[in-house]
Protein chains: 2
Amino acid sequence: MTTRTDELHSADGGRVTITDVARSVGVSVATVSKVVNGRYGVAPSTIARVQAAIDELGYETSLVARSMRGQSTANIGVLVSEFESYSAELLKGISEAIAGTGYGLLAYAGRRDDVTESGWERRSLSRLARTLFDGAIVVTPSTLITGSFGIPIVAVDPHSGPEGPHTVDSDNRTGAHLATEHLLALGHRRIGLLGGRDDLESARMRETGWREALDAAGIAPDAALIRVVGYRADLAEQAARELLSMPAGERPTAIFAANDRSALPVLDVAAEFGIRVPEDLSVIGYDDIPEAATASPPLTTIAQPLHEMGSAALTMVLDLLHGRETERHLRLPTRLVERSTTGPAPAEA
Amino acid sequence: MTTRTDELHSADGGRVTITDVARSVGVSVATVSKVVNGRYGVAPSTIARVQAAIDELGYETSLVARSMRGQSTANIGVLVSEFESYSAELLKGISEAIAGTGYGLLAYAGRRDDVTESGWERRSLSRLARTLFDGAIVVTPSTLITGSFGIPIVAVDPHSGPEGPHTVDSDNRTGAHLATEHLLALGHRRIGLLGGRDDLESARMRETGWREALDAAGIAPDAALIRVVGYRADLAEQAARELLSMPAGERPTAIFAANDRSALPVLDVAAEFGIRVPEDLSVIGYDDIPEAATASPPLTTIAQPLHEMGSAALTMVLDLLHGRETERHLRLPTRLVERSTTGPAPAEA
DNA sequence: CTGTTAGCGCCTTCAA
DNA sequence: TTGAAGGCGCTAACAG
């Protein structure tokens, strides 16, 4: 233990650099570097002096400078467009799984205006890959990630199928089936759809599942009952207004929203319109984000195993990183979570 | 629009660097740099050729290299020890507030073993500050963050009071009062405490609030009913086993856990022991993380305005960054959320 | 055992 | 209008 005069710093309040340490001890930066990295060939007495100065000054090697030098960074990156419930749940799963691996986690969301332009995932990857992390997990990339970035990459809920990087997703088609059949079983016939981002495979599959289930029940999907809201709450609210403004006989008696984020506003609009849920209108979402359970009434939804998907993605990057065998595409199952927003179809007037 | 032959990359699968672009166009890197940064003094025709190459190759300037050169990075950092519900909620609030500011968000959790040693926040700050982000928010720092890192820093739920960096927290003492008084009002007299991390101001204040409320009711805190579990689920489970193993007349009829994470396991242990909640035992938590609402039975708790705390912290760093006036310490209110784990004290045998 | 040199990718003088 | 040179903090190879 040193006396810890504590943070003498390099005068001007900047960071303490390896140069500050070297100067303070009177050795070269190379020597300090060797001490820091435990390299052989430094006299014990020198080590002690350097170490003392390091403690004294509170020096810590810069992650950035080190990784620029071409080392491995011992960090895994997670690229998201935004920190919202969906990505946050994934992140929790990733974080749990990373414990004990010796890697740190770096989650990045670029500037919002940058992220709204398509291709943000490729840009972020270009800006950060290799230089900041050794492997990356990209959440809901809307663009096919082509080319190599020099590091292993895993996509969660990706843009598209077999080509492109390794992926983790859940069984969207079956999930949508489950949702629609649940509604059908309750006697609903006019089932509206709030479609997701059409640049995402998941959204397409959920729509497909919805169509197929309707077909199987001998119901033709009604174009008037479809709105593409891109997984977004604001567009969903707008769409809900339109749908619920329709005359009683034409209005859908149930709505399947392609994600919870877009299902939740439907509840608000219904309340505003005096439409009772689930008596007059059933609503079912997708994802099972935490807000689904706390909504009032609690939202019936299709649960994706978000934590598992996160930890599976992490395991996958790590496997790739260490040259181990991995599946190219991992698909996890979904399940119906019945809460309070779905009920028997109302008797027609 | 270029023809997008798409990602020709520099052969070996590494990143595309400014040098690759320069070579491909036949100009110097300096020129490319000027084009990228929109500096004056480049011939229009050259700009066009360089731009074409950039699009062609998919070049993106490296965040790391640029920031090493001493630029601002246009990123705000968030340092957490782990991505769990508490920090995730904060992150959502920060993320909402950052929209439209032109800043990106970089959340970092270091290697787990590194993080368990105290001082991780200072280390992470040293490793990343200045070089990776322009300002930082540190979540639950257990150590006083001293010295300057060359960037503005805001601590959320910090180690201690007035000294140190700017802080955002909530009114822990009043919150604990609220919790304890709620229990008291229900007739409870033997109220156990699952204390938090004693290196955190929040934990100390919650314990203080608990004591004060008991005092005010003329009840002497019983040392046998106190367990310090450091906000951790595993230790809380252990403590719950001990507490609930006590004979019926000595066992607490209610437990106040200093955070939800440690309250939740109590529910499990009670179920395992055949102790009914809330008939035989009342449990109240603190934080109101999403899991509190989905627990069974749903957990009564003290809600902290996590999203607001996050966005307030962000506003604060930004103010600091732009030299605007800010409060040094912002304290937000808490509120009681009654759910189903608290009820009247059982009649004594 | 220690220091010198070179270079990671980038940007900014300063000359040409 | 362009390019050469220097340096940000760090590490690795190579001299001494």
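Order of the sequence lines fixes the chain letters, A, B, ..., with proteins taken first and strands second; residue numbering starts at 1 for each chain. Treat the numbers as computed from the prediction; the structure is a model and nothing was measured.
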Check your understanding: How far does OG1 of T167(B) sit from CD of E327(B), to the nearest 0.5 angstrom?
Key -> 10.0 Å
Exercise for review: Please answer whether the main-chain N or O of E84(A) pairs with a side-chain N or O of S87(A) as donor and acceptor at a distance below 3.5 Å.
Suggested key: yes
Review point. Just by modelled atom types, is the R111(A) backbone N or O under 3.5 Å from a matching donor or acceptor in the D114(A) side chain?
Key: no
Sub-3.5 Å pairs of nitrogen or oxygen atoms, protein against nucleotides 13-16 of chain C:
none

Practice item. Check the pair S126(B) / Y59(A) against side-chain contact (heavy atoms from CB on, under 4.5 Å), numbers first and verdict last. Key: CA-CA 7 Å; S126(B) 284; Y59(A) 167 73; over 6 Å; no
For [N], take OP1 and OP2 only and decide whether either is under 4.0 Å from a side-chain N or O of [X].
| X | N | answer |
| --- | --- | --- |
| S62(B) | dG9(C) | no |
| T31(A) | dG3(C) | yes |
| T61(B) | dG9(C) | no |
| Y40(A) | dA12(D) | no |
| R66(B) | dC10(C) | no |
| T131(A) | dC8(C) | no |

Check your understanding: If you look at every strand shown and take non-hydrogen atoms under 4.0 Å, does S67(B) touch a base, only sugar-phosphate, or nothing?
Key -> nothing
Check your understanding: Is V27(A) touching bases, backbone alone, or none of the nucleic acid, heavy atoms closer than 4.0 Å?
Key -> sugar-phosphate
Over how many whole Å does the gap from [X] atom [atom1] to [N] atom [atom2] extend?
| X | N | atom1 | atom2 | value |
| --- | --- | --- | --- | --- |
| I18(B) | dG9(C) | CD1 | P | 11 Å |
| D20(A) | dG9(D) | CG | P | 8 Å |
| L128(B) | dG9(D) | CG | P | 15 Å |
| R49(B) | dT2(D) | CZ | C1' | 11 Å |
| E60(B) | dC10(C) | CD | P | 10 Å |
| L132(B) | dC8(D) | CG | P | 19 Å |
| M68(B) | dG7(D) | CE | C1' | 8 Å |
| L63(A) | dC8(D) | CG | C1' | 15 Å |

Check your understanding: Which is it for L79(B) and F133(B) under the side-chain contact (heavy atoms from CB on, under 4.5 Å) test, yes or no, and what are the steps along the way?
Key -> CA-CA 11 Å; L79(B) 265 30; F133(B) 34 69; 4.0 Å; yes
Practice item. Could you verify whether a donor N or O on one side chain and an acceptor N or O on the other, from D157(A) and T140(A), lie under 3.5 Å apart? Key: no
Check your understanding: So, does the side chain of R69(B) form a donor-acceptor pair with the base of dC11(C) at under 3.5 Å?
Key -> yes
Review point. Start at the 5' end of DNA chain D and walk down; is the nucleotide closest to A65(B) or to V29(B) reached first?
Key: V29(B)
Distance-only criterion, 3.5 Å: show the donor-acceptor pairs between side-chain atoms of residues 101-109 of chain A and protein atoms not counting sequence neighbours.
| from | atom 1 | to | atom 2 | distance (Å) |
| --- | --- | --- | --- | --- |
| T101(A) | OG1 | I98(A) | O | 2.6 |
| T101(A) | OG1 | Y103(A) | N | 3.2 |
| Y103(A) | OH | H322(A) | NE2 | 3.2 |

Review point. Can you pull the side-chain hydrogen bond (donor to acceptor under 3.5 Å, both in side chains) pairs that have at least one residue in residues 27-37 of chain A, sequence neighbours excluded?
Key: S28(A)-T31(A), S33(A)-N37(A), N37(A)-R66(A)
